[in-house]
Number of protein chains: 2
Amino acid sequence: MAKERVTVIDIARAAGVSKSTVSLVLQGSSLVNEATRAKVNAVIRDLGYVYNRSAANLRQAKSKIIGIVVNDLTNSFFAELAVGVDAVVQSAGFVQFLANTGEKSERQREVIASMREHGVSGLIISPARGTEAADLAPLVESGIPVVLVVRDIAGAGVSSLISDNRAGALAAVRHLIARGHRRIAFLGGFADTAVFEARVRGYRDALREAGLNAGDDLVIGSAPSRAGGVTAIEQAMMLEDRPTAALCFNDAVAFGVCDGLRARRLEPGADFAVIGFDDVIEAKTAVPALTTVSVDPQGMGERAAELLLKQIKAGRAEPEAIVSPVRLVVRQSCGAAVERRVKEVSS
Amino acid sequence: MAKERVTVIDIARAAGVSKSTVSLVLQGSSLVNEATRAKVNAVIRDLGYVYNRSAANLRQAKSKIIGIVVNDLTNSFFAELAVGVDAVVQSAGFVQFLANTGEKSERQREVIASMREHGVSGLIISPARGTEAADLAPLVESGIPVVLVVRDIAGAGVSSLISDNRAGALAAVRHLIARGHRRIAFLGGFADTAVFEARVRGYRDALREAGLNAGDDLVIGSAPSRAGGVTAIEQAMMLEDRPTAALCFNDAVAFGVCDGLRARRLEPGADFAVIGFDDVIEAKTAVPALTTVSVDPQGMGERAAELLLKQIKAGRAEPEAIVSPVRLVVRQSCGAAVERRVKEVSS
DNA sequence: TGACGAGATTGGAACGTTCCAATTATTAAG
DNA sequence: CTTAATAATTGGAACGTTCCAATCTCGTCA
C-alpha cells in the first residue's frame, strides 16, 4: 500500500488555489494573503503532504545538505566534532551526510564524489592521511564551499580550521618543565602528518628554550589510538635513560599510556606525568583525570559549520585559514610537582 | 566562477549520441554497444560531468539515501553502531544521513521529517527516550522501510533489532554468583526504558535462581554515562550492607563505576567486581580490562543496515523482530575469584 | 470616470534525469 | 530476396518543484 504521493498540485486543487500559490506559502512568502495561507496550510496537514526536496533542488540547483567526512568516527574526537557540526547545521535547517573514511583516501574519493552527486552545498572534511592538494582540486574547482578541519592541506586553496597545535604542545611541555621534569617524551601519532609535525615542533621549541636537548629517541610515533599509546610507552620504558613525563599525541594515546604504565605498576600522575591532547569528553572523568590540551572538538565542529554556512550564504568567499586557540587544562595526570615522583618501581 | 553545470545533454552532444544513450551507459545497461559506451565514458571524464541525483530521484521516486538517527553520538556505542551502518550502506552505493537527537523527541520528529523530505529510502532509528508507537505512525504508514535498533517500541509495526538484554544480564550475574558474590548491585541506566527493564529482569532472574533475594535497594539508576556511573557507585557504597560486585547498565557506566571505586581507593577487579554491557572498543584496552556483555555495536549496525537494505530491495516486507545474541566476555574487571576480595578499605 | 498602483494570484516553462514506445541497423532464417 | 528477430539507439513525456512574467481585483486619486 505505498500510497500515491501527494503533490503541490493536489494541495492546490483541494484548497482551490494554484500550485504557484501553494509553492509561495511553502516558502513562507509574504506575498500571500493571510486567509489563503491558513487554508493552504490546513489542507497540507489534512492530506499529509511531504515536501519533495529532490524536485526543489533540481529546480533551484541548491540543496539544504552539507557533507561531513571524518577519518574515524570511533574516535571520540571525531564523534564530538560531528555532533558539533550537526548541532549548528541542524538548526540552520540543513541536514548532514556523514561518512567515515577510516583514513583510506580511496574511500574518501568515493564519498566526496557521492556527496557531490547528491548536490551538497558545502563540505567539511577532515582529510584522510596522505591527502594532497591535487586530490581536492576537482572539488574546489567546482566552486562548492569546503572547509578543511583538523588537518590543513597546503595549497588546497580552501578554508581551514585547525587548532594551534604548536602553541598547545609548547604550553604543555613548559608546564612539565616547570614541574621539574627534564626527560620528557613525545608519544604517539603518525610522523607523516602535519598535525604531528606541528605538535612536535612545539614540544621541541619548549625543550630548546629551557636549554634541554630534544633527542630524537624521545619522540616515539605510533598509531594515534589507545593501543598505540600502550606500545609507545612500552618502547619509551625500554630506553636506558627513561623519561619521567610525556606529552601524548592525543587523548586516546594518553589513555593508552596510562594503561601501559599501570601494566608496569606505575601510577600515572604519581609516578609518571602524562599530558594528552584534545580534551575528549572522558578526559575529565577518567582516573586520574587527564591533563590535556583542550581543543574543544565539539566547539570546533560548531565553528567549522558556522564558517561553512557563512561561505554558502556568501556565495563565493575568500578562503580563510583559522587557527583555533587551545588551552592547557591541568588536571591530575601530570602530577602535582616533581618531588612527589619519588617511587620508582621497576618491573 | 561557478561553472555551468554539465548535463547529460552536453555529454550526448559531445559524444554524438542521444541523451537516452548516455543515460543508459550511466546506468550500466547492457543494451549499449561497447564502443559507444567507451566513447561516452571518455567524454564524461573529459567534461568533468557530475551526475545529478536530485534529478534522478525525482524521476524514479527513489533515492540512494538511508537515514540513521541516534541518541548520542558521543557515546561510543552509538558511534560504533553508526560506523557499522556506514560500512555496509556505503558499499551498497548508498549514503547516510546521520542525525543526533540527544534523546530529545522533538528533535527526533524534526530530523525524521527532514529525512523524509529528502526522500530517504529507509531509516534506521534508535528511538529517543519516551518515543511511542504513535510518534512513528505517520512514518510507517508512508510505507518507507524502518528498522528500530537498540530499543524496540511495542506496536510500532516495524522491524527491530535489539540485543538479548535479559540473557546477557543473566549470564553476567550467574558468572558473578559462580565466583562467590552474594551482594550484587545493578548500577546505572534510566529506569523508564525497555532496555533497562530487560537487563534488570535478567539480573533478578539470576539472583532468584540462586536463591538470593533481589532487594530493590541494590538496583540504582542513573544517567547511562560515565558520570552517572560515579554517582551510582557512590550511592551503592552508602548502603549499610554494601555490594561486592555490580552489573552495570552499560560500559560507560562501568567505567564511571571504576573511577568511583578508585576515588575510594578500591581497585576494580581486585576489591570489587564490575561487569559492563556493550563491549565498547575501549573495554578491552582499559585497565583493568572490562568484563562485559558483548553486543558488538558495530556488527549490530551492520546487521541493521543489511536488514534495512533487504527490505528496501523487497519493496514491502513483513516486519521482523530480531534479537541478537550476546556473549559474556570475561576479562579482568570482574576479578579472579571471590577469595581475593580481602582488602576492604573504607574512605 | 479613467488611470494607476499595490496586492494576490496564476499559467507555463524550466531544472536534469529516466522511462516508454518507436525507430533504425544488423543479422539470421527461409 | 524477403521477412523475422535481435541489437542499438532515439525523441518526447514525465517526475514535483520554483521562477518569471502576466493577469486580475481592488481601492485611490486626479
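In what follows, chains are A, B, ... by sequence order, proteins preceding strands, each numbered from 1.
A heavy-atom distance below 4.0 Å to DNA chain D is reached by these residues of residues 25-37 of chain B, ordered by number: B:L31, B:V32, B:N33, B:T36. The stretch residues 41-60 of chain B touches DNA chain D through B:L58, B:R59, each having a heavy atom under 4.0 angstrom from the strand.
Side-chain contact of B:Q27 with B:S23: a donor-acceptor pair under 3.5 Å is present, judged by distance alone. In this structure, a donor-acceptor pair under 3.5 Å is present between the side chains of B:R303 and B:S324.
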Practice item. Go through B:T131 and B:Q108 one step at a time and tell me if the side-chain contact (heavy atoms from CB on, under 4.5 Å) criterion holds. Key: CA-CA 9 Å; B:T131 303; B:Q108 177 173 273; 3.0 Å; yes
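A heavy-atom distance below 4.5 Å is found between the side chains of A:V146 and A:L148. A:L123 has its side chain out of reach of A:I66: every pair of non-hydrogen atoms, C-beta onward, lies at least 4.5 Å apart. Counting heavy atoms from C-beta outward, B:F78 and B:N71 have side chains that approach closer than 4.5 Å.
The pair B:K39-B:E34 does not meet the salt-bridge criterion, since no charged nitrogen lies less than 4.0 angstrom from a carboxylate oxygen. Residues A:E103 and A:R129 are not paired through a salt bridge, judged by the lack of any N-O separation under 4.0 Å between the basic side chain and the carboxylate. The pair B:E110-B:K104 fails the salt-bridge criterion, with no side-chain N (NZ, NE, NH1 or NH2) lying under 4.0 Å from an Asp/Glu carboxylate O.
B:T21 comes within 4.0 angstrom of a nucleotide base, judged by non-hydrogen atoms across all strands. The residue B:S23 sits close to a base: some heavy atom pair falls under 4.0 Å.
The CD1 atom of A:I153 lies 5.0 Å from the CG atom of A:L136; values are rounded to the nearest 0.5 Å.
From the 5' end on, the contacts that DNA chain C makes with chain A at under 4.0 Å to a non-hydrogen atom open and close at C:dA8 to C:dG16.
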